Every structure is written in structure tokens, then in C-alpha cells.
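No experiment lies behind these values; they were computed from the predicted model shown. In what follows, chains are A, B, ... by sequence order, proteins preceding strands, each numbered from 1.
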Number of protein chains: 4
Amino acid sequence: MSGAQERPLRADAARNRARLLDVATEVFTTRGVGVPTEEIARAAGVGVGTLFRHFPTKEALLEAVMVRRLETMAARTVQLAAESEPAEAFFDCFRLLIDQSVGKSDFVQALAAGGVDVHSALQEPSMAIQAQLGELLTGAQQAGAVRPDLGLPELLALLAGTSKAMEQLKADPAARERIFEVVFQGLRPC
Amino acid sequence: MSGAQERPLRADAARNRARLLDVATEVFTTRGVGVPTEEIARAAGVGVGTLFRHFPTKEALLEAVMVRRLETMAARTVQLAAESEPAEAFFDCFRLLIDQSVGKSDFVQALAAGGVDVHSALQEPSMAIQAQLGELLTGAQQAGAVRPDLGLPELLALLAGTSKAMEQLKADPAARERIFEVVFQGLRPC
Amino acid sequence: MSGAQERPLRADAARNRARLLDVATEVFTTRGVGVPTEEIARAAGVGVGTLFRHFPTKEALLEAVMVRRLETMAARTVQLAAESEPAEAFFDCFRLLIDQSVGKSDFVQALAAGGVDVHSALQEPSMAIQAQLGELLTGAQQAGAVRPDLGLPELLALLAGTSKAMEQLKADPAARERIFEVVFQGLRPC
Amino acid sequence: MSGAQERPLRADAARNRARLLDVATEVFTTRGVGVPTEEIARAAGVGVGTLFRHFPTKEALLEAVMVRRLETMAARTVQLAAESEPAEAFFDCFRLLIDQSVGKSDFVQALAAGGVDVHSALQEPSMAIQAQLGELLTGAQQAGAVRPDLGLPELLALLAGTSKAMEQLKADPAARERIFEVVFQGLRPC
DNA sequence: CATGAATGAGCCTTCATTCAT
DNA sequence: AATGAATGAAGGCTCATTCAT
């Protein structure tokens, strides 16, 4: 269902690939996309050659990082959606996506794959979450827990915005909670 | 108040500086910070040498761009604050700052100069707006128009977040208005 | 007639450009196209940056080198053609082109720009020589000094081939002369 | 005669070696020496490791390719020389060598192993053909079919040159034939 | 023996910054 | 003061070669 594995991939190769992905996620997130490939490779304990064997381009690496994040998000979203009442599920999911992406608001933004120039590789996982979110939104609206005039685009924008807001309050959990209160109260029908 | 002008600056030099600043604002905003200095210089109709005479560093140029934006924002904020009732002034000002920064959420974020690594040059204008916003916030809270548990940091974070959200809805003014409704309703006391 | 000079080009810049062209010609010719750009720059007494300012690509440099050779050839060809009788002019010109390109048979081959993938920049100068050679050939044929069944393509091929042959006899002028005798005798009508 | 086989070589190993050689010949000839080793290996259906087991260096592979060509040429030359009259044998052999090397003028040039920097491995087969050609040349000269003032070096140079000339006329057999006529007529005593 | 993942030196190219004109 | 040519440190990427599986 998730595309044929090109090949089983040798044990060590798989480990390297995973480490590269982990390191790249960490590095891109904390220090931006400007970090040299060589540094990422070194941090992963491999040579540049290995990095480029697994990801033919720096951009391909970035893409893979985002795809993985998106897929993780999608998985948890699905899980949550199945476990609770529509309204509760909606708000829990909102929280989840935000918590998932503290310090990574770009990832949440990448989620809005409706845009034109978004890399095709991101389209699929992004669409998957969007579909989920769409259902959750509708459910919550039918349950009367969310303003009925909001659409999916507004929801995505609010997710990106809330994530951005949270970034500035990393150090203050109480303040973050207040942001949630503001947004959630704003989402409710007048 | 904004630092002594080193020297009166010849007429043409001043014109060049202004053009450089305008062009840089436009270019950085629309195409990102990655644009080569030479291109900015050319677009401003001067040589690179001239650019570096006015701004010793590319980063200094970027800083100058942001300072100017911040100063503009501060001026309008002051004006607005003086013209209206506390509560109205607060919401108008929120709107203003967001509208000012569509497609430029980084500028709004720069506004949160309380952060550690923010360039010192941004501190002063940022502090100025923050002071204004602080007063507006307090005023609106005393008027009972805004939740009393919110502090300046939360407000700044919400501004940055809302700006980010708006970026994704550039093309849809009605949706943007709905975002305002959500945020404003969320800001009101329960 | 040869395209508008983009700009007069500062004295030192022109000198650098010329030196780069000279060095590149020498280096590409004696050691092949694989020589690193940095080495060429160093040999010309400039930094890599300067090389790439003048020639945006390594390939562009190579192209420029060949264009210049071709233009030199064309100029001398025109001169020769004007000075002598058709038959004599034809053979003198053949000799000239070969002597011009000892150790550089690739240049002579580049002359055959009829090929498809030849860089467009080479087309013009190549065509110019081809036109000249065509006239010389026809003249010599009408004078009865060259087999009438030969066309321009064959002439170009023979030039490339003779040049290649000469490369192997660099050290032996007498042997080279014998090659000329063979080729020239072969060119004459049965 | 051509060096002791290190070991009998297992059947599959021998097959791999042969395939590698075939593929490399094809690839080097049609696309140049710049083609990555890995690609050659893949085209031969083996891993890079295998390639490097058989040929310790890319250059060694290239050498082996040329040695094989040279040996083939030598064999056919011997055969031809034995079958015909001296003069006819000489011209037939010239033709043969050229036809053998259309699009591969480098191979014919490698034949001139008298040069200094030629790899030692090429020396032996090259010398073999040279000896053959020397005899054919002398024979043809004694038969009065070839100018007596030509030596082996000139013959080798003419072979290389003619091959180069033919490369440019790949598409036009009639023109190629005319080149032969020119060269052969040039070779005949005045 | 075969495989192909790993390595890392080296290449081309860009761009912020300096400095001669 | 302005200009734009020159500089050279990096950066992304390739590929011959090695070595663990």
C-alpha cells in the first residue's frame, strides 16, 4: 500500500539511511536548511558519498525528512480519530499536530500541499492528513463544537499559525496552554 | 532618538541608500534572503561596491530593512493608539500589524526582540512597538475586551502566528477575515 | 560585423581574459580537457572567480578557445586566398591549416561544424572557413589541380586526418613533408 | 607467447571477464572513457567489485580493451599477408585496419606504440603489428606499388590520419571510398 | 568469488567581500 | 563616492577504489 520496497536493503545500509534521516531531521530543524551536507554526513557517522548514495540530492534528503514527518503525523492522526468522539478527536488532533511540530512550523506548513510548487513527494502524505483533518473538522462541526463557516484551508492555516506562535513560547508551557485556549475558544461557534 | 546620523550624507548618496533599502525589502520579501547581493545592487541601479559602502555586510542590509519596517509599524501603532478607544485601538492595531506583514511573517517575528539572538539593531524599534502593544493590551484588558490572563509574550506569539496563517490564505480575503474572527473571539474573555 | 562588443572592457580585465584564453589554449591542447579550472586560473595568475567571471562555465571557456582558433584560421585563410592563383592558394591553405593545428587536431575537427551537436558558438566561425575552403576547392578543381569528384566534406575530413597524422610525426619534419606529398599527390586528378 | 595465464580461471570468472571486456569496448568506443566504472559493471551484469577484481584499475581495463583489439588486428593482418600478393596484401591490410577502427581512431593511434608514454602492456601487440606492417610495406615497395621513400612511421601516421578522416564520414560510404582513393593514389610512386 | 555499500579526494561553481580604477 | 573586476573560501556532487557481507 505504501509503494513497493525497491529492495530489502542490507542491514547496515538501512541503519545508515535511518541515521541520516534522523540526523538530518534534527539538524534541518534546529539550524535550518543551510547546513552543509558534509556536516550532516559526519554527524551521522558516514561519508558524504554515503549520504548521496541514499539521497541523490540535498533537496531529496530534505524531502525525505518531511515525508517521514508527515507520515508519522498521519499515522497518529488516524489513530486518534478512531479513538474518540468527533469533537474531542478534533481538538486532541489539533493539539497533537502542534505538539509534534514544536520548533518545526515549516513541517506543518508543508502540510498545506494544495500549493503549486510543493514537491510531488510530499503530496501524497500531505493529502492523507488533509483528508483525515477534513473528516475530523466536519465531524466536529456537525457535533456543534466548531464554527460551521470554517473550511479545511482555514484549519490548515490555523495549524501553521498556531505552530509558529508556539515556537516563540518554547520555554513557557503555561503560556503555550493559554495560546491553545485562545485558539480553541476562537474555533468554537460564537 | 534613532542614533546620530554619522554625517548629513550627500543627496545622491542618500538616494542610493534609500533605493537599496527599497529594493532589498522587495527582493528579500518576495524571493528570500538567498538572493545575491550583486543582484540587489543591479536592481537598485548601483554597483556592488556602493551597496557595501552603505551596508558593510549583507546581514547589515537585512537588518536595516527590518529596522525600517519595524519603525514604520511603530509609527502607525502610535498613531492608531492615540485615535481610538482602548479596546478598539487594540484590535485595530492587531489588524494593522498583520495586514502590514502579509507575506512577511518573519518581520512580525522579528518584532519579538526579547529573544536572545536577535540583532541588537532590532532591539530598539522592537522594544518601542512592544511598549506600545503592552499599553494597548493592558488598556483593552481593563476595558474588559481581552482575557486578563494574557501577557505581552502571548500577544507577540499570536501576532506572529496569525501572520503565518494569513500567508497561506493570500488569495482568499474572506477566509482571512474568518481567521481574524477566530483569533479575536479567542482573545475575548471567556 | 562580428557582433557588438558588449562593453569596452577595462584594461586589466581584458588582459586577464586574454591570458586565460592563452593559458587555456595551451593547457587544453597539451594536457586535454580534464585539467581542473583552478589550475588554469592559477597558471593565468588569477583566482578561479575571475575565470568564471569571464567564462561562466568550463565549457564556455573551451568554446571560446576554439572560436578564437577558428577565427585566426579563417583570417589567414582569407588572406592567403586573396594572394595567389587558385591552385596554389588551395594547397598553401591546406598546408597552413595543418601547420596551424599541429598537436591540436581536435580544433581542425571542430571545423567540421556540419555536425549536429556542435556548439552554436562554433558554427559561425566554422561556417566562415568552410565557405572559404569551398571556394578554394572549386577554384582548384576548375584549374584542373584537384580531382573533381571531391566535395567539401571530404576536404574537411582530409584536413582532420592529415592533422592527426602530423601529430605522430612532430619530431620529424622530413617525414611530415612526405605526408604532405602523399596527400597532395592523392588530391590531384588521376 | 602472450604471458602465462596466472591460473586456469574458473568458467564463470572467465565469462565475466569476457563480458566485461566486450561491454567496455563498446562503451568506451561509443561514449568515451568518461563513463563510470559502475555503469560498465552494470551493463556487464556484474557488480563493481567484480570488475575491480579482474582489472585492478580503470586504466587497466582500458588497456586490456586495447590490447585485445590490437591482437585481433594483428591476427587478421597476418592472415591477409599470407593470402595475397605483396602489393594487394598491403592495400587490403590498410583497408582492413581502417575499417576495423571506424569510430575508434584512438585504437589505431595506440598502434603507434613506438611512442614513449604508451603503456607497456600495449607494446607487445603493437610491435607485432608493426613488424607485420613493416614487411608488407617493404614488399609493396619492392613490387613498385608504393613510394620507396616512405617508412613505417609515416605509414602508421597515415593509418591514424585516415582513420580520423573516416570518422567524419561515417554516414557517407561513397565519400569514404573517395578518401581511400586519395590516400592510395598518394601512396603510389609518383 | 561476487556483491554493492561506503569512502573521500577532487571537481565545478557561487557569492560575500575587497580594492584598484 | 561609485564602480565592477578580482578574490577565494565553501558547497554540492561524482566516481575510482576498498572492504564488509
*Return the value, rounded to whole Å, for the distance between atom CD1 of B:Ile40 and atom C1' of E:dC15.*
12 Å
*From the list E:dT3, F:dA2, F:dT7, which nucleotide is the closest neighbour of the side chain of B:Ala13?*
F:dA2
_D:Arg53 side-chain N/O to E:dC1 phosphate OP1/OP2 under 4.0 Å_ = no
_Looking at every heavy atom in both A:Val65 and A:Ala24, which two are closest together, and how far apart are they?_
CG2-CB, 3.7 Å
*To the nearest Å, give me how far apart CG (A:Leu20) and C1' (E:dA5) are.*
12 Å
*Any side-chain N or O of D:Asn16 under 4.0 Å from OP1/OP2 of E:dA2?*
yes
*Quick one: is C:Thr50 getting a side-chain N or O under 4.0 Å of the F:dA5 phosphate, OP1 or OP2?*
no
*asked:* Rounded to whole Å, how long is the line connecting atom CD of A:Glu39 with atom P of E:dG8?
replied: 17 Å
_Residues which pass side-chain contact (heavy atoms from CB on, under 4.5 Å) with C:Glu26, listed by chain and number, not counting sequence neighbours_ = C:Thr30
*Of B:Gly34 and D:Val46, whose closest DNA chain E nucleotide lies nearer the 5' terminus?*
D:Val46
*asked:* Under the rule for side-chain contact (heavy atoms from CB on, under 4.5 Å), what residues qualify as partners of B:Arg68, not counting sequence neighbours?
replied: B:Leu21, B:Asp22, B:Thr25
_To the closest 0.5 Å, what do you measure between CG (A:Leu20) and CZ (A:Arg15)?_
12.5 Å
Cut-off 3.5 Å, no hydrogens considered: what does the side-chain donor-acceptor table look like for residues 31-47 of chain A, sequence neighbours left out?
{"residue": "A:Arg31", "atom": "NH1", "partner": "A:Glu39", "partner atom": "OE2", "Å": "2.8"}
{"residue": "A:Arg31", "atom": "NH2", "partner": "A:Glu39", "partner atom": "OE2", "Å": "2.9"}

*Quickly work out the A:Arg19 CZ to E:dA5 P distance and round it to whole Å.*
19 Å
Write down the protein N/O and nucleotide N/O pairs, taken from nucleotides 17-20 of chain F, whose separation is under 3.5 Å; answer none if there are no such pairs.
{"residue": "F:dT17", "atom": "OP2", "partner": "D:Lys58", "partner atom": "N", "Å": "2.9"}

*Measure the spacing between CG of D:Leu62 and CD of D:Glu59 and express it to the nearest 0.5 Å.*
7.0 Å
*List in chain and number order the residues that pass side-chain contact (heavy atoms from CB on, under 4.5 Å) with D:Ala60, two or more places apart in sequence or in another chain; answer none if no residue qualifies.*
D:Phe55, D:Pro56, D:Thr57
*Round to a whole Å and report the spacing from CZ of D:Arg42 to C1' of E:dA2.*
17 Å
*Please figure out whether D:Val35 or C:Gly47 has its closest DNA chain F nucleotide nearer the 5' end.*
C:Gly47
*How long is the line joining CG of C:Leu51 and P of F:dA5, in whole Å?*
15 Å
*First locate atom CE of B:Met66, then atom CZ of B:Phe28, and finally report the distance between them rounded to the nearest 0.5 Å.*
10.5 Å
*Can you tell me if the side-chain N/O atoms of D:His54 get under 4.0 Å from OP1 or OP2 in E:dC1?*
no
*Report the stems of DNA chain E as range-with-range entries sorted by first number; a stem here is at least three consecutive pairs, Watson-Crick or G-U wobble, both distances under 3.5 Å, and write none if there are none.*
E:2-21 with F:2-21
*If you round to the nearest 0.5 Å, how far is CZ of A:Arg53 from CG of A:Leu51?*
12.5 Å
